[in-house]
Amino acid sequence: MPTATLLEITDEATRRQFLSMLVAAGMLTACADDDDPEAQPTPSAPTTRTVDSSHGPVEIPLNPTRVVALHDQLVGYAVASLGFDKLIAATVRDTADPAQAIRPLGTVPPVWSTLLDIGTHDQPDLEAIAAAKPDLILGLPYEADPVYDKLSSIAPTVIIDLVQGARPPFQRQRDLARVVGVEEAMDRRLGEYRDKLAALKAGAAAGLVGAGYTYMESYGPEECYVVRSDYSPGPVVLKDLGMVPSSTTRSITEEYFQVSRENLASYDADVLFFGLPEGEEMDATTERLLANTYAVRNGQFFRVPRDIWALEVVEALFGTITGLESAFAGKEFTLSGEYGTPPAATPEPAEEVETASPEPTES
C-alpha cells in the first residue's frame with residue numbers, strides 16, 4: 001500500500017478542520033435565528049384565490065384539477081373548447097351520448113371521452129358528483145341554484161350568471177374562462193375569428209354592407225321567435241359583416257321576441273335567416289307563409305343551424321362563418337333600399353340667431 005506524504009496528510013487534516021468549522025457556524029446561525037424575535041419564517045405560496053359568483057365571493061383552488069360542469073354546452077364546452085383539460089364531469093342532455101349537444105359545434109374536446117356520468121341538466125346526480133371528489137364546481141343559476149347548498153358542501157361552487165343589461169358578447173364564457181385560467185386562449189380565438197371575418201367581408205359578403213337582415217328561430221310550429229340579440233353568435237357575425245337589423249324589426253326591444261307563425265312574413269328583410277335544429281326541416285306551412293317575402297323572392301333566404309347561431313360561445317362564431325361562406329359563395333345580392341341601412345339621423349336645427357332689422361329707408 002502506498003504511503004501518504006506529509007503534505008497529503010496535512011491537506012486532509014486541514015480540509016476536515018475547515019468542514020467542521022462550517023458545520024459549527026451553521027449550527028450557531030440556526031441557534032441565533034431561533035433566539036431572534038425579529039426572524040420571520042419564509043411565507044408559503046398561496047394555494048387559493050377568491051373569485052366572484054352570483055352567490056358572492058368564493059374561495060377556489062389556485063389551479064383546480066378536478067372540475068365539474070353543470071351544463072355541457074354553456075359551461076363544460078365553454079372552457080374545454082379553450083383548451084381547459086381538467087374537466088372530469090359534466091351534466092349532459094343524454095347520458096348515453098354525452099357529446100350529443102356539442103358535436104354540431106365542431107371538434108369535440110378530447111377531455112369529453114373521459115367524463116364521468118353525473119346525470120343530466122334536469123337531474124344532476126349529487127351522489128355521483130360527491131364521489132367524483134371535485135375541487136371546483138361550475139354552473140348556471142337555473143340548474144345549480146336549487147341545489148346550491150348541497151353542491152357547495154361538496155366543493156367550492158361558482159355560479160356564473162349573465163351580466164344584466166348591456167354587456168360584451170360572450171361575457172359569461174369570459175367569466176368562466178377567468179375562473180379556470182384560460183382567458184388568454186379566448187382572446188387568441190377571438191383574434192382568429194377577426195381574421196376569418198375579414199376574409200368573408202372582403203369576399204362573399206362584400207355586397208352586404210348596409211343590408212337589412214332578420215333572424216328567426218323555430219322551436220316547432222307553435223314557437224317562433226324574431227331574434228334581436230346582440231349576443232347570439234349569428235347576429236354578432238351579421239353585424240360584424242356590416243349588416244343591420246331590418247326596418248321591420250327595429251322597434252323590437254326583446255332579445256327573443258315571440259311571434260305567431262302567421263305573422264313571420266311581416267318581418268321581411270333584404271336577407272332572411274331561419275334557425276332550425278340540426279337535421280330538422282322547415283314545415284310546409286311556414287315555408288308557404290314566407291314564400292312572398294322580398295328575401296325569398298330574391299333568393300336571399302337561408303336556413304341555418306339554430307344550435308350554432310344561438311349558443312353564446314366563441315367557437316360558434318367559426319361555425320357561423322363556415323356556413324355563411326358556403327351559403328354566400330357565388331351569390332349576387334340585391335338590396336331593396338327599404339329594409340337596410342336606416343336613414344341618417346335628422347340633424348338638430350341650428351340655433352336661431354337674432355339679427356337687427358334693417359332701418360327703413362326714406363323715400
Side-chain angles (χ1 to χ4, degrees), residues 166 169 193-218 224-276 281-282 285-306 308-310 316-347:
Y193 157 70
R194 286 189 286 272
D195 291 341
K196 288 188 69 71
L197 178 81
L200 179 62
K201 193 171 183 178
L208 287 175
V209 174
Y213 75 86
T214 296
Y215 171 47
M216 304 169 173
E217 284 183 359
S218 170
C224 295
Y225 297 85
V226 171
V227 179
R228 280 297 310 273
S229 171
D230 291 326
Y231 314 109
S232 296
V236 166
V237 172
L238 298 181
K239 290 176 184 177
D240 286 348
L241 289 173
M243 301 177 72
V244 297
S246 66
S247 58
T248 57
T249 67
R250 285 178 198 145
S251 62
I252 295 175
T253 56
E254 294 92 336
E255 288 190 31
Y256 290 82
F257 181 67
Q258 187 167 5
V259 297
S260 65
R261 184 172 57 165
E262 290 72 19
N263 289 328
L264 286 176
S266 62
Y267 295 94
D268 201 355
D270 290 317
V271 190
L272 279 177
F273 300 91
F274 201 94
L276 291 162
E281 293 296 324
M282 180 180 293
T285 302
T286 301
E287 200 161 359
R288 177 178 55 79
L289 289 168
L290 293 174
N292 201 39
T293 58
Y294 175 89
V296 172
R297 283 188 284 108
N298 286 276
Q300 296 171 180
F301 175 80
F302 301 96
R303 295 172 177 83
V304 297
R306 188 192 70 198
I308 293 177
W309 276 52
L317 295 172
F318 293 88
T320 299
I321 284 186
T322 298
L324 293 179
E325 286 173 336
S326 175
F328 291 172
K331 185 80 180 162
E332 292 290 336
F333 290 92
T334 61
L335 307 186
S336 66
E338 177 183 353
Y339 301 114
T341 305
T346 305

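Bear in mind that the values here come from a model prediction, so they are computed numbers and not experimental data.
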Output the distance between atom OG1 (Thr248) and atom CG (Leu272), rounded to the nearest 0.5 Å. 8.0 Å
Backbone of Met282 reached by a side-chain donor or acceptor of Thr286 within 3.5 Å: no
Carefully, step by step, assess Tyr294 and Thr334 under the rule side-chain contact (heavy atoms from CB on, under 4.5 Å). CA-CA 10 Å; Tyr294 175 89; Thr334 61; 3.2 Å; yes
Say you draw a straight line from CZ of Arg228 to OG1 of Thr249; how long is it, rounded to the nearest 0.5 Å? 4.5 Å
Any donor-acceptor pair under 3.5 Å linking the side chain of Ser232 with the backbone of Ser229? no
Tell me, with the steps shown, if Tyr231 and Val236 meet side-chain contact (heavy atoms from CB on, under 4.5 Å). CA-CA 6 Å; Tyr231 314 109; Val236 166; 5.5 Å; no
Distance-only, no hydrogens or angles: does the Arg297 side chain make a donor-acceptor pair with backbone N or O of Asn292 under 3.5 Å? yes
Leu276 and Ser218 have their tightest heavy-atom pair at CD2-CB, 4.0 Å
Taking side chain as C-beta onward, heavy atoms only, is Leu324 less than 4.5 Å from Leu238? yes
Taking all atoms of both residues into account, what is the closest heavy-atom pair of Thr320 and Pro233, and its distance? OG1-CB, 4.1 Å
Using atom types as modelled, flag every donor-acceptor pair under 3.5 Å from a side chain in residues 209-217 to any protein atom, sequence neighbours excluded.
residue: Thr214; atom: OG1; partner: Ser246; partner atom: OG; Å: 2.8
residue: Thr214; atom: OG1; partner: Tyr267; partner atom: O; Å: 3.0
residue: Tyr215; atom: OH; partner: Glu217; partner atom: OE2; Å: 2.8
residue: Glu217; atom: OE1; partner: Tyr219; partner atom: OH; Å: 3.3

Salt bridge (Lys or Arg N to Asp or Glu O under 4.0 Å) filter on Arg303, not counting sequence neighbours, yields Glu287
Indicate yes or no: at least one non-hydrogen side-chain atom of Tyr193 is less than 4.5 angstrom from one of Ile321. yes
CG/Leu335 to OG1/Thr341 distance, rounded to the nearest 0.5 angstrom? 8.0 Å
Taking all non-hydrogen atoms of both residues, which atom of Lys331 and which atom of Gln300 are closest, and how far apart? CE-CG, 4.2 Å
One pair to check against side-chain contact (heavy atoms from CB on, under 4.5 Å): Val227 and Phe257. What are the steps and the verdict? CA-CA 6 Å; Val227 179; Phe257 181 67; over 6 Å; no
Between Val226 and Ile252, which heavy-atom pair has the shortest distance, and what is it? CG1-CD1, 3.8 Å
Using atom types as modelled and distance alone, determine if a side-chain donor or acceptor of Arg261 lies under 3.5 Å from a backbone N or O of Cys224. no
Distance in Å, Met243 CE paired with Leu208 CG, rounded so as to fall on 0.5 Å steps: 5.0 Å
Test item: Thr293 side-chain N/O and Leu290 main-chain N/O as donor-acceptor pair under 3.5 Å: yes
Selection residues 230-241 - residue pairs positive for salt bridge (Lys or Arg N to Asp or Glu O under 4.0 Å), sequence neighbours left out: Asp230-Lys239
For a 4.5 angstrom cut-off between non-hydrogen side-chain atoms, does Asp268 reach Glu338? no
Ring pair (Phe, Tyr, Trp, His ring centres under 6.0 Å) with Phe302: which of Phe274, Phe328, Trp309? Phe328
Would you say the ring centroid of Phe273 lies under 6.0 angstrom from that of Phe301? no
Are Asn263 and Ser266 close enough, and set up right, to give a side-chain hydrogen bond (donor to acceptor under 3.5 Å, both in side chains), and what steps lead you there? CA-CA 6 Å; Asn263 289 328; Ser266 62; 5.1 Å; no
Lys201 versus Leu241, closest heavy-atom pair with distance: CE-O, 3.6 Å
